[in-house]
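Since the structure comes first, as structure tokens, the remarks are kept for the end.
The first residue in the sequence is number 1, and the count goes up from there. As the structure is a prediction and not an experimental result, all values here were calculated from the model.
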Amino acid sequence: MTDPRAALDAIGQLADVEIDIAGAALQLARIDAPEEDWQAAQAHLSEIARDAAALAAELGSQDVASRAGALAGLIGGRHRYSGDTDSYDDVQNANLLHVIRRRRGLPVALGIIWLHCSRTLGWTAHGLDFPGHFLIALEGRPIRGRVQPAPQQAVLDVFAGGVPLDAAALEGLLRRVQGPSAELKPGVLAPMSARRVLLRLQENIRTRRLMAEDFEGGLACTLDMLRLAPDTAPLWRDAAVLHERAGQVAAAIRSWTRLLELNPEGETARRAKAAVNELRARLN
């Protein structure tokens with residue numbers, strides 16, 4: 001059986017387009033839930049992908065509305081996935097093994113199921129780093145013969161079963177998070193890479209651990225995220241701080257040094273150099 005951390009190390013070296021997003025999320029989940037049957041979960045991912053392929057073959061249209069409806073019927077209907085509104089902050093909602101077993105989860109965990117099905121079919125889809133609420137964008141082909149072609153992209157709220165969101169709905173969602181004066185800006189709907197989606201998934205676990213003052217668990221989570229995304233400078237800063245808190249001076253120095261390699265100039269570099277000098281003085 002492949003060690004999940006070794007698998008994450010290998011995924012961390014892949015180009016983003018080569019990442020199997022559901023497979024990577026499964027490896028992250030195995031670390032936090034070793035008691036769960038990950039092979040059964042893997043078989044389920046294969047099953048739902050086969051179901052998606054069969055459903056897509058039956059579609060009479062490839063426009064975005066048809067694709068979104070087909071996925072909603074498959075994922076939320078046939079396989080009964082839904083957003084967990086009763087225990088939203090339960091850490092299980094960010095672990096794909098638990099999500100598959102319970103058929104409930106956070107928006108980003110459910111989004112990974114949607115992206116898994118979409119990409120299996122060769123449909124273009126990506127996550128959206130919307131503030132406070134993960135969304136996905138799904139693309140389709142215009143319907144022929146119409147004076148005004150159908151929209152080629154739909155923004156979907158997978159936590160609500162794949163409901164399409166227009167500009168007014170998006171602005172309303174944004175205002176619930178950022179206040180009544182918030183307005184939609186282009187960057188709010190910026191596409192996310194597969195790697196960033198996975199980091200956002202794991203950030204839910206890390207944040208909950210740190211809020212509970214489980215700093216050892218927060219550090220372990222940070223290091224697992226770095227296996228997946230070894231060039232993410234902010235994570236090296238977080239790792240350095242948590243290593244320091246744990247009294248792991250040599251590891252903290254290595255983390256600050258890696259941060260300096262990624263960000264050799266600017267205020268971040270200045271602080272990292274100061275931290276390295278201070279820590280080396282402790283060793284002496």
Side-chain angles (χ1 to χ4, degrees), residues 7-8 10-29 38-39 41-81 96 99-100 103 105 107-130 134-146 148-165 189-201 228-229:
L8 290 179
I11 294 167
Q13 302 306 310
L14 295 177
D16 197 81
V17 295
E18 298 175 324
I19 293 176
D20 170 4
I21 191 167
L26 206 61
Q27 299 302 330
L28 287 167
W38 68 272
Q39 291 174 315
Q42 193 172 56
H44 170 73
L45 290 173
S46 297
E47 175 192 3
I48 199 171
R50 287 193 299 270
D51 289 346
L55 192 62
E58 298 171 2
L59 280 182
S61 174
Q62 293 294 307
D63 69 287
V64 69
S66 297
R67 288 181 172 182
L71 287 175
L74 172 67
I75 297 169
R78 187 184 305 178
H79 288 282
R80 307 186 311 281
Y81 280 94
L96 193 62
V99 170
I100 288 172
R103 298 295 197 271
V108 64
L110 297 175
I112 285 172
I113 299 292
W114 279 71
L115 293 172
H116 168 67
C117 291
S118 299
R119 294 179 180 188
T120 297
L121 299 173
W123 294 354
T124 300
H126 54 260
L128 298 173
D129 200 11
F130 198 81
F134 180 82
L135 305 170
I136 72 165
L138 178 67
E139 294 185 12
R141 300 172 186 169
I143 297 176
R144 294 179 181 178
R146 289 190 177 181
Q148 294 293 332
Q152 290 188 301
Q153 178 172 279
V155 175
L156 307 176
D157 183 355
V158 296
F159 191 73
V163 173
L165 302 176
L189 296 177
M192 298 175 72
S193 66
R195 190 171 266 108
R196 283 186 61 210
V197 172
L198 291 163
L199 291 180
R200 179 158 174 166
L201 174 72
L228 185 67

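Taking the six-membered ring for Trp and thresholds of 30 and 60 degrees, His79 and His44 have ring planes more than 60 degrees apart, a perpendicular arrangement.
Val197 and Val108 get closest at one heavy-atom pair: O-CG2, 3.7 Å. The nearest pair of heavy atoms linking Ser66 to Asp63 is OG-OD1, 2.6 Å. Taking every heavy atom of both residues into account, Ala22 and Ile112 meet most closely at CA-CG2, 3.8 Å. Taking all atoms of both residues into account, the shortest heavy-atom contact from Gly105 to Phe159 is O-CE1, 3.3 Å. Heavy-atom minimum distance, Thr120 versus Ala49: CG2-CB, 3.7 Å. Of all the heavy atoms in Leu228 and Arg195, the pair that sits closest is O-NE, 2.9 Å.
A heavy-atom distance below 4.5 Å is found between the side chains of Tyr81 and Val99. In this structure, the side chains of Arg67 and Gln62 come closer than 4.5 Å at one or more pairs of heavy atoms. At least one side-chain heavy atom of Trp123 sits less than 4.5 Å from a side-chain heavy atom of Leu71. Considering only heavy atoms from C-beta on, Leu45 comes within 4.5 Å of Ile100 through its side chain.
For Asp20, there are no side chain to side chain donor-acceptor pair (under 3.5 Å) partners two or more places apart in sequence or in a different chain. With sequence neighbours excluded, the residues that form a side chain to side chain donor-acceptor pair (under 3.5 Å) with Arg196 are Asp129.
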Next item on the list: Please assess Glu139 against Gln153 for the test side-chain contact (heavy atoms from CB on, under 4.5 Å), listing each intermediate value before the final yes or no.
Entry: CA-CA 4 Å; Glu139 294 185 12; Gln153 178 172 279; 3.5 Å; yes
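Taking CG of Leu26 as the reference point, atom CD of Gln39 lies at 10.0 Å (rounded to 0.5 Å). If you take CG on Leu135 and CG on Leu189, they are separated by 7.5 Å, rounding to the nearest 0.5 Å. With values rounded to the nearest 0.5 angstrom, Leu74 atom CG is found 5.5 Å from Cys117 atom SG. In this structure, the separation between CG on Leu96 and CG on Leu28 is 9.5 Å, given to the nearest 0.5 Å. Distance CD1/Ile11 to CD/Gln27: 6.0 Å, rounded to 0.5 Å. Rounded to the nearest 0.5 Å, atoms CD1 (Ile21) and CG (Leu115) are 5.0 Å apart.
In terms of modelled atom types and a separation under 3.5 Å, the side chain of Asp157 and the main chain of Val163 share no donor-acceptor contact.
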